[in-house]
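Read the structure below first, then the notes.
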Number of protein chains: 2
Amino acid sequence: MKTTTIKDIARALNMSTSTVSRALRDSYEINPATKKLILDYAEKMHYSPNPIALSLKESRSKSIGVIVPEIANNFFSQTINGIEAVAAEYGYHVVIFQSHESYEKEVINTQHLVSRRVDGLLVSLSSLTTDTRHFEELVERGLPVVFFDRIPKNIRTFKIIADNFLGSYQATEHLLEMGCRKIAHVTSPSWLSITKERLGGYQQALEKFGVPFQENYIKYCEHGGMVTDEIETAVQQLLDLPAPPDAIFTASDRITTGCMSYLRRQKLRIPEDIALVGFTNIAVADLLDPPLTAVTQPAFEMGQLATELLLSLIQNPEQEITNEIQCLKTTLTVRASSVQQATWRPS
Amino acid sequence: MKTTTIKDIARALNMSTSTVSRALRDSYEINPATKKLILDYAEKMHYSPNPIALSLKESRSKSIGVIVPEIANNFFSQTINGIEAVAAEYGYHVVIFQSHESYEKEVINTQHLVSRRVDGLLVSLSSLTTDTRHFEELVERGLPVVFFDRIPKNIRTFKIIADNFLGSYQATEHLLEMGCRKIAHVTSPSWLSITKERLGGYQQALEKFGVPFQENYIKYCEHGGMVTDEIETAVQQLLDLPAPPDAIFTASDRITTGCMSYLRRQKLRIPEDIALVGFTNIAVADLLDPPLTAVTQPAFEMGQLATELLLSLIQNPEQEITNEIQCLKTTLTVRASSVQQATWRPS
DNA sequence: ATGAAAGCGCTAACAC
DNA sequence: GTGTTAGCGCTTTCAT
């Protein structure tokens, strides 16, 4: 598509490109009459500055890269909404890549984005990422990077997370208050930050209630639930225990729905046979059978905050990183999946 | 972040930039020894070509723009997956904008993407778009544009849709076979292509069964369900009819869940009091209460196909547009929301 | 086999 | 108030 350039305008109006450039940027040095002439002509020709030329000149792309495990996921698509909202406001555009929970894809995505010359990076680690040197190196080379949700240890930069510990504590406490004592936890891989944080909250709640922690009630899904099989195996192993759980606390969108689906296929009644609470942002929690008790994260706000920090880092890369980790509150919404009809009345 | 340029390499190795450039592109004219020297040094310095410089030179950005109503939506996030898969394969990156079902935002997004110099555009119209001149003009100016799902009339370019007519026909036929005779249809605004196509299939099924079409069983949601209120008003109006419907056929993710949620709050039993079938790609249809009968679109494939056509158009803008509209098959999955227990047995 | 120079679109330092 | 020029990183034509 042929587009008008400053040069075209200059030639048509018989002046130099710098005059045109200055007029378009509304410089005070340009004669108002000339300015009007140029502006009118530019308007007429649909002139719009070429951002690529500008990027080249100013060696910045005005774009930020985002790497998430997957887009088709309530939590991440909500986060992306927040990211886009802030980015757009500051004139940045957003290039999104998916790791599909694969370490290799994450590394390749990173290389792509760097070679694309994004001005900064927003990352939530894939479930199979244990080695984060590909990011460390970038941070050392001075590229602004902000992590959210699944964050690395030992990389000194901003990180935004939900209060996974407290969210998980509250969910577990709720199950305990409902009378459950054999609470299983089906979660993401053990090495992920969110896994550790959530496991911590779970343990602390147990402790408060004097319920001993049992290792075999914890099941890790390596692929974060991307592989249906791993969820079903985990749940079946739980059901096969000598003392099968009376409740399951699940740690992500996919694990939660996968788990619920499997329990139903096994004809287990929720919550009568087994209670269920999910750490999930699924949109239709109250339309499920039964309505699902859920801990939700402020996904949109997390995306916003992460982007604001990234942009501030882009504008001032030398700034001191205080408040390295910021924690946003989760919300526990109690629904029927964790509450025996007899004992429960809506508040 | 300081990156290595061809110039840096040239200076370091004491040769000209053209030699370096040629070596990096593996030109036959370069002495193998020199070539190796350059390649090794480039490797060592993490050289990667600056795509911005390339874009400027070749006046193409190797990026495509996508405008969808919203990302946090099963259908569109699945489509985007398909888009990204194909784009990545061809070395293109994808810039996504959301219209949030607003005509004004759609126009602004379009301008943004054009001024960003995307090489092509992939669009699904917002529910409030009745005037498509902003796209017509681009197509006339020679920008490759491909539409999917919600497509305009009278713009001569490729369009990908699901077989909305047949999908809708089958859904309605199924309800009729289940014995429903008062079938309401809650759908998107009347002017959208998908609305017309789906209404057409609905009508044809009624006709086949000799059931008269009743205008007051059709409810349009102007904002495509983005506003919860419009859905609830629509459903309530249906329930208030002298002969309230015995079934509702809903036309999108949001309308479907909004409708289901309202019916439940009104303590209507599905399907005993009223059957429900949704034209929706919601992931957890079988976990809902009751499991939801749904017509699903091949969203991923639609994204793939649309992108392939767009890229072909980018590579050859002058090509003749044959097969202007391509139609992919939908799938009807029957679940409990449309089937009385007594009469139904799982196949 | 290698180098010099122009040009992609734009800005800004430096003339005049 | 306006023009000339160099340069952002890269490719490519035209020398040599």
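We name chains A, B, ... by the order of the sequence lines, and we start the count at 1 in each one. Quick caveat: nothing in here was measured; it's all calculated off a predicted structure.
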Return the value, rounded to whole Å, for the distance between atom [atom1] of [X] and atom [atom2] of [N].
| X | N | atom1 | atom2 | result |
| --- | --- | --- | --- | --- |
| A/Leu54 | C/dC8 | CG | P | 17 Å |
| B/Arg117 | C/dC8 | CZ | P | 14 Å |
| A/Asn50 | C/dC10 | CG | C1' | 8 Å |
| A/Ile52 | C/dT11 | CD1 | C1' | 17 Å |

For B/Arg141, does the CZ atom have more than 12 heavy-atom neighbours from other residues, nucleotides or ligands under 6.0 Å away?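 Result for CZ/B/Arg141: enclosed.
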Do other residues, nucleotides or ligands put more than 12 heavy atoms under 6.0 Å from the CD atom of B/Glu43?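 Atom CD in B/Glu43 is not packed in, count stays at 12 or less.
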Anything under 4.0 Å to a heavy atom of chain A counts; send over the first and last such nucleotide of DNA chain D, read 5' to 3'.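 Footprint of chain A along DNA chain D, 5' to 3': D/dG1 to D/dG9.
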Between B/Lys44 and B/Asp40, does at least one N-O distance fall below 4.0 Å, as a salt bridge requires?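 Not counted as a salt bridge, because no side-chain N and carboxylate O are separated by less than 4.0 Å.
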Please list residues of residues 7-40 of chain B whose heavy atoms come under 4.0 Å from any atom in DNA chain D, ordered by number; otherwise none. B/Lys7, B/Ser18, B/Ser21, B/Arg22, B/Arg25
Do you see a donor-acceptor pair shorter than 3.5 Å between the side chains of [X] and [Y]?
| X | Y | result |
| --- | --- | --- |
| A/Thr19 | A/Ser16 | yes |
| A/Gln111 | A/His134 | no |
| A/Ser126 | A/Glu101 | no |

Over 60° means perpendicular and under 30° means parallel, so tell me whether A/Phe148 and A/Phe75 are parallel, tilted or perpendicular.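 Ring orientation, 0 to 90° scale: tilted.
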With no hydrogens and no angle check, is any side-chain donor or acceptor of A/Ser77 less than 3.5 Å from a backbone partner on A/Asn73? yes
